[in-house]
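So the structure is just underneath, and the comments pick up after that.
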Amino acid sequence: MEHAAPMPPPPAVRARLPALTTVVCAALIAAGLAAALSSSYFLMLMTFAAIYVLAAMGLNLLTGYAGIVSVAHGALICVGSYACAIATVRLGWSFWPAAALSAAVGMGFSALLGLPALRLSSWYFVLITIAFSLSVTAMINDLRALTGGYGGIVGIPPPALFGLPLEGFALLALVAAATALLWWAMRNLLHSRVGWALQSIREGDVRAQANGVSTARLRLFAFAFSGAIAGLAGAFFASAKTVVTPEDFSFDFSIFFLFVVVLGGGARLAGPLLGVAAFYVLPELLGSLKEYRMIAYGVGLLAFSVLLPEGLAGALAAIDERRAQRARLAPAADGAAAVQAQPAPAVAGMAVDVRELVKDFGGVRALDGVSVNVRPGHIHAIVGPNGSGKTTLLNLISGFYRPTSGAVDLGGVPAHTHGPTDIARLGVQRTFQTPRLMGELSVLDNVRFGGYVRERASGLELALRLPRALHESRAFDAEAMRLLATVGLAARAHERAALLPHGQQRLVEIARALLGRPRLLLLDEPAAGLSLGELDELGALMRAIRGTGITLVMVEHHIELVADIADTVTVLDRGRVLAEGTPQQVFADPAVIAAYTGGSA
Amino acid sequence: MLLEDLLALLATGVTMGAIYAMVAVSFNVAYKPTNVFNMAQGELVMLGAMFAWGLMTQSALPWLVGAALALAAVAAIGLFEERVAVAALLRKPSHHHGWIISTLAFSIIVLNVADHVYGTDPQPVPPVPGATLDTLQWGALTFSTQQVAVVLIAVASIALVEWVYRRTLVGKAVRAVAEDRDAARLNGISPARLTMTSFAIAAAYAALTGVVAAPLLLASTSIGLTLLVKGFMALAIGGVGSNWGALAAGILLGCVESLGSVSLTPDYRQVLLLAVVLLVLLVRPFGLFGRPGLREV
């Protein structure tokens, strides 16, 4: 396994046709701009379309990427619009500070709304956002002194640049430029540890926490970000309309953005653009459908959510992928640079001291006074029949469970009071029985996500591609490639992770864990599903990992592998330690043999 | 404030609270075996009210016949929803929250079709047999017998739901499925059939809520969204899964809302209720009577 593997060039280097998504988006933008130049009606339509794309991109981060469904986006745009209108008309501010205020207000409301959602199931949040949307429209009618009641606020000025008011096409150009800038920044951010972490919390917190992601902070970020974008879009909306009234922000307006994001394709950058083109611009052009629009939207939303959850952008991407797979059959001749396989630099391994650990689930005692001691830099195996508490023990060490009683010390630090995120930050990485990779991302990106706790560049640096972010990104890419070479998968670095067989996904998980430079590595049945040849390679890999100083604790059924590489073994049976010692001692123990051959110990 | 006024407000609050609690219980019935929170439940209540208007006021059918037909029709719609919007998504674990969107979509369809069919005007619906909307004076307390009927029906129906869960085989099967879908299947319970049954019964219960609430609220297509939100609030404060908790929370909400009407416009009351819910959820994320850890990944 420790041989040099050829590094395939990233797909972008290969000369090939541009992606279908790119072509469609470019065509839509060009057609939109051309139409806007042709008549004032189209100019108006395209200006609002651009504002909606901007707003929907904010919601896409929250709903598409982080998986938190919100019906409050329209209401946040409403709040932003009124903030801008009040600041410019009532207080006489110019547009730019007013727009900044709009973004801040949108961000504040969104974060406030998000607070309860940090701990709760996502459907709570949907209903809270529905209640919020209804409250906002109601309040605007009521706060007449501030909002002008039903009459609204009239005379919002256009933005000005160097004293020149940006109206008509110039306003469209400004919104389009803002949208393009956001597109670029989001593209950078989403292809970084922040984006991977967001996508990783979408399908449960477990993987993200094991990687040291503070899920509450990340969710709060998603709320704040989408709220700020909504507020900013609201400022543009107010300026383009010059009048804001409560009627503009019906409940349907809030639902509309959910449509656009879900139908356009959640968690895809192009989704909002495609969504707005198909579900706003097109119906506007087909004006006669207006009366039945909400019914058609409802049916479309239902059909898409059941049949095509990836949305329009997902459908285009699927076509692209089929094409790319065909292209992959052709040999990639150019530039196969060699990548040096290298496990990791030397580290000081972490001692594990588990004392008298007890864990109850309801009335069932899964662990009953288990003590395990692992010396730094050793490979320790936990074996035992099914249901003996092995994985429970691993979950207790990595902080996913709190012990009923007993203690866990990791490297001399009491750890049993900490959650998984904190423990990951102590330098503990783990893999799962069922590999938890993000199937939509490339193998390389999955490994890169393992470096989450080590990367220092902030979200802002990542979004704007500032020097430190670029530098870090290159360094981590190279390190991830070396680790992939170590597990023998460098050649598949740019494939979608879901395409790999189960055994190889497990190896990718090990590479991901290693990128976190752990001092303790916990492996849950690493050998399950591997072929005989792969087993030998796994053994060699584990020795190499031990060679760097990392402490390895693994749950494993494969007795030969354990006997071959483990320094010490603990045998669990029905929640108790049956035997411990070197593999030779343990596997000669009559009680162990009895437990394994089905007799009672 | 006079004692009479205070008591009248409290009577309204308790009645509204009972209605909110019934909406919350209908959520619970559908939620229990599926962990799906049906976003269309409010519109199903609305359909119950509109059907009652059509059958009892327009077609002049006797109350019991009209109510039975309305419940049956809405139950069929609930079953249809389960088939098209929920069943397929429950089978796909990767999109395990897809039902949020699909049931929301279903509710949008129901609402907008109803708007086209019925228009948006509020319509009268006759009260429960034996009850009237006329106000009675009982010492300092003013109320109508329809209000009494709503509270009694709410309490009785919640008691019945609890009895079914605790005492009958079907109820125990639902609890088993809620606990562990796969283990229940191994014991010969069909989660799919139970899911369908629960959705149909939850829809019928929502329709019943609409039928008994409509004489007080008037039947209109706009009541669904309001009741969805209020029912959710009762559920969130009471704790998901707790039916008596929903009743207590519903009455609490109803009274806060009703007493708030003295000095606040309806719009401010809405904000006040939202603030109460957010506060409760911040302090006790699983409500006053709920228990944490309903589902871990």
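Chain identifiers are assigned alphabetically (A, B, ...) following the order of the sequence lines, protein sequences preceding nucleic acid strands; residue numbering begins at 1 within each chain. Everything numeric in this text was worked out from a predicted model, so none of it was measured.
A cation-pi arrangement is absent between B:Arg83 and B:Phe80 under the rule of less than 6.0 angstrom and at most 45 degrees off the ring axis. A cation-pi arrangement is absent between B:Lys172 and B:Tyr165, since the terminal nitrogen or guanidinium carbon is not both under 6.0 Å from the aromatic centre and inside a 45° cone about the axis. A:Lys359 forms a cation-pi arrangement with A:Phe361, by the criterion of a distance under 6.0 Å to the ring centre and an angle within 45° of the ring axis.
Only the side chain of A:Leu258 comes within less than 4.5 Å of a heavy atom of chain B; its backbone N, CA, C and O stay farther away. Contact annotation for A:Phe251: only side-chain heavy atoms (C-beta onward) come within less than 4.5 Å of a heavy atom of chain B. With a 4.5 angstrom heavy-atom cutoff, A:Val262 touches chain B only via side-chain atoms. The parts of B:Ala236 that come within reach of chain A are both its backbone and its side chain, each placing non-hydrogen atoms under 4.5 angstrom from that chain. For a residue to count as touching a neighbouring chain, one of its non-hydrogen atoms must lie under 4.5 Å from one of that chain's; by this rule A:Leu112 does not touch chain B. Heavy atoms closer than 4.5 Å to chain A are found in both the backbone and the side chain of B:Leu281. Interface remark: A:Phe132 contributes backbone and side-chain atoms alike to the contact with chain B (heavy atom separation under 4.5 Å). Neither the backbone nor the side chain of A:Val136 has a heavy atom closer than 4.5 Å to any heavy atom of chain B. Both the backbone and the side chain of A:Val306 come within less than 4.5 Å of a heavy atom of chain B.
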Item to complete: Start with the C-alpha gap between A:Leu115 and B:Leu278, add the side-chain angles, then the distance that decides, and say whether side chain to side chain contact (heavy atoms under 4.5 Å, CB included) holds.
Response: CA-CA 9 Å; A:Leu115 280 182; B:Leu278 289 182; over 6 Å; no
Worksheet item: Going through the checks in order, is the side chain to side chain contact (heavy atoms under 4.5 Å, CB included) test met by B:Val240 and B:Phe27?
Response: CA-CA 9 Å; B:Val240 174; B:Phe27 280 134; over 6 Å; no
Practice prompt. Would you check, one step at a time, whether the test side chain to side chain contact (heavy atoms under 4.5 Å, CB included) holds for B:Leu44 with B:Tyr205?
Written response: CA-CA 9 Å; B:Leu44 296 178; B:Tyr205 192 85; over 6 Å; no
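Among B:His116, B:Arg269, B:Gln270, the residue making the largest number of heavy-atom pairs under 4.5 Å with chain A is B:His116. In terms of heavy-atom pairs under 4.5 Å with chain A, the best-connected choice from B:Val277, B:Val86, B:Thr265 is B:Thr265.
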Sequence neighbours left out, cut at 3.5 Å: what donor-acceptor pairs do the side chains of residues 105-114 of chain B make with other protein atoms?
| from | atom 1 | to | atom 2 | distance (Å) |
| --- | --- | --- | --- | --- |
| B:Ser107 | OG | B:Leu104 | O | 2.9 |
| B:Asn112 | ND2 | B:Ile108 | O | 2.8 |

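Aromatic rings from A:Phe279 and A:Phe259 are positioned such that their centres are separated by 6.0 Å or more.
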